[in-house]
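Computed from a predicted model, the values in this text were never measured in an experiment.
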Amino acid sequence: MTVLIAPDKFKGSLSAREVSENIALGIRDVLPDAKIETMPMADGGEGTATVISDALGGEWVHCKAHDPIGRVIDCRYAIIARSLAVIEMSEAAGLQRLKENERDPLRTTTFGVGEMLLHAARRGVTKIIVGLGGSATNDGGFGMARTFGFRFFGESDVQLRAAIAKLCELRRIEKPRTLSLPSIVGAADVTIPLLGKRGATETFGPQKGATRQKLDILERALTRLADVAEKEFRFDHRNHFGAGAAGGLGFGLLTFAGAVLKPGFDVVAEAVGLESKMKDADVVITGEGALDLQTLEGKVPAGVARLARKLGKRVFAIPGRASEEREVRELFQGVVPLVEAGISERQAIADIPVLLRKRASTLARDFLVDGGAR
């Protein structure tokens, strides 16, 4: 029997590789003769660069950039075969860069993301993948565009710089005279548009520190940005798939970098050759911190399950916790969560490596031994 293990990270606890390794130990405890392949996965969020770099033998490149509130920090991104760069926007502009009391999307910008993109471009790569997850920003790519040389003007032709709220006064955008960027692919882990009730501001603004008043200002600012960009450039990306990802950075990449946006899982799966590896497997096991309705919005377990079913493979999940929604559970032949009767979520978090191994052994005994008892 060949078992392919392809999970996402357990956010805040274990990397995708660590999750894979602990599941493999549990399968091996029950099926010592099984051939086990591990393929850590990601969906455009944190860990995307590591997953692709590890799979393809990339190297890490370090650069200086500004964090979401303007401090100079050390950042890194991966380069594969000197031609492909893989950048996570959260490396420069992620929530992990800020203390709780520093979160303020009227203040935070994607300026550092633009610096990372330019650094990679100057190294001569022909393609850049940008993971659009974990952002602390809600600026529609305004900061990034300024690093590219775009200039934004408001009332009385005053140039607008860092303040996001000032975009409410935006009147015109001036393109840089020269801008040479490689092909850019935004790997979006959400499908939301830029504006509206399902847009960047309303969906994720509160977790980035926005009050109701600030949400209203941000929505007006991004609406004005989209309106003026449409007038100036004769295209409108506000409703494009993933335009609202990373606080509207998806929109910014489309508008100011000529990028394309794709589902993050698809980008990673193609880069690491997941389908080819899955064709040789008898059983596929995936997982993430939580299986719920959000999983269906392009998260790793859903992507792995749909590809497995397309190829006629049995697929199982070992999540941290799992909801009971039918549309989630029916993706898999079996779901074995870490959190179950008698184990609190706090205890599960403390014992994740041990529990992963135990639950993997349980999955192997219940579903895989002698073809599976259930």
Side-chain angles (χ1 to χ4, degrees), residues 1-9 15-21 23-24 27 34-58 78 80-81 83-86 88 126-133 183-191 241-242 260-288 291 294-319 327-328 330-335 360 363 367-368 372:
M1 176 184 292
T2 299
V3 179
L4 175 64
I5 301 170
D8 199 352
K9 64 186 176 300
S15 68
R17 178 163 296 284
E18 291 168 329
V19 174
S20 301
E21 290 169 349
I23 292 174
I27 300 297
K35 180 181 179 182
I36 300 175
E37 300 279 355
T38 60
M39 182 163 279
M41 289 297 299
D43 57 17
E46 297 99 323
T48 294
T50 297
V51 164
I52 295 176
S53 180
D54 286 353
L56 301 181
I80 293 96
S83 61
L84 170 65
V86 187
E88 294 177 17
T126 57
K127 180 179 179 181
I128 303 176
I129 293 172
V130 185
L132 300 177
S183 168
I184 296 177
V185 177
D189 62 349
V190 293
T191 62
F241 158 87
V260 296
L261 298 186
K262 295 182 180 180
F265 173 81
D266 293 352
V267 173
V268 177
E270 179 181 352
V272 304
L274 178 63
E275 182 168 353
S276 175
K277 183 72 70 172
M278 195 178 288
K279 286 178 180 178
D280 296 328
D282 300 301
V283 172
V284 181
I285 300 172
T286 187
E288 68 173 348
L291 275 186
Q294 285 193 355
T295 301
L296 304 178
E297 300 293 323
K299 299 298 184 182
V300 166
V304 169
R306 288 164 181 154
L307 181 56
R309 287 180 174 273
K310 169 188 162 185
L311 298 175
K313 310 296 182 178
R314 291 192 295 159
V315 59
F316 302 89
I318 304 178
E327 54 266 56
V328 176
E330 69 184 6
L331 285 172
F332 310 96
Q333 272 75 43
V335 176
L363 187 154
F367 295 101
L368 305 184

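Residues E297 and T191 are in side-chain contact: their nearest non-hydrogen atoms beyond the backbone lie under 4.5 Å apart. When side chains are defined from C-beta on, R309 counts as touching Q333, because their heavy atoms get closer than 4.5 Å. By the 4.5 Å heavy-atom criterion applied to side chains, L368 and R314 are counted as neighbours. In this structure, K279 and L311 have side chains that are in contact, with non-hydrogen atoms separated by less than 4.5 Å. When side chains are defined from C-beta on, F332 counts as touching L291, because their heavy atoms get closer than 4.5 Å. Side chains of K313 and D282 form no contact here, defined as non-hydrogen atoms less than 4.5 Å apart. Inter-residue side-chain proximity for L331 and V315 is flagged as unmet; no heavy-atom pair is nearer than 4.5 Å.
Around CD of E18, the count of heavy atoms belonging to other residues, nucleotides or ligands within 6.0 Å exceeds 12. For E327, the CD atom sits in a packed shell: over 12 heavy atoms of surrounding residues, nucleotides or ligands are nearer than 6.0 Å.
Nearest heavy atom pair, residue I5 against residue I36, reads CD1-CG2, 3.6 Å. Here the closest non-hydrogen pair linking V272 and A55 is CG1-CB, 3.6 Å. Of all heavy-atom pairs between A188 and F241, the closest is CB-CE2, 4.2 Å. When all heavy atoms are compared, the tightest approach of G133 to D189 is CA-OD2, 3.9 Å. Heavy-atom minimum distance, L4 versus K277: CD1-CG, 3.6 Å. Shown here for M41 and F265, the closest heavy-atom pair between the two residues is CE-CE1, 3.6 Å.
Side chain of E88 to backbone of T48: a donor-acceptor contact under 3.5 angstrom is found. Under a 3.5 Å cut-off, the side chain of T286 and the backbone N or O of A6 do form a donor-acceptor pair. Using modelled atom types, no side-chain atom of R17 and backbone atom of T50 make a donor-acceptor pair closer than 3.5 Å.
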Report task. Verify side chain to side chain contact (heavy atoms under 4.5 Å, CB included) between V304 and M278, making sure each step is shown before the conclusion. Result -> CA-CA 9 Å; V304 169; M278 195 178 288; 4.1 Å; yes
Query raised in the report: Where do I285 and I27 land on the side chain to side chain contact (heavy atoms under 4.5 Å, CB included) test, with the steps shown first?
Result: CA-CA 10 Å; I285 300 172; I27 300 297; 3.6 Å; yes
Report task. Begin from the C-alpha positions of K310 and E275 and carry the test side chain to side chain contact (heavy atoms under 4.5 Å, CB included) through to its verdict. Result -> CA-CA 10 Å; K310 169 188 162 185; E275 182 168 353; 3.4 Å; yes
Report task. Given side chain to side chain contact (heavy atoms under 4.5 Å, CB included), test L261 with L132 step by step and report yes or no. Result -> CA-CA 10 Å; L261 298 186; L132 300 177; 4.1 Å; yes
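Taking CG of L307 as the start and CG of L274 as the end, the distance is 5.5 Å to the nearest 0.5 Å. From I23, atom CD1 reaches atom CD1 of I318 across 4.0 Å, with rounding to the nearest 0.5 Å.
Contact check on K299 versus E288 returns no salt bridge, with no Lys/Arg side-chain nitrogen under 4.0 Å from an Asp/Glu carboxylate oxygen.
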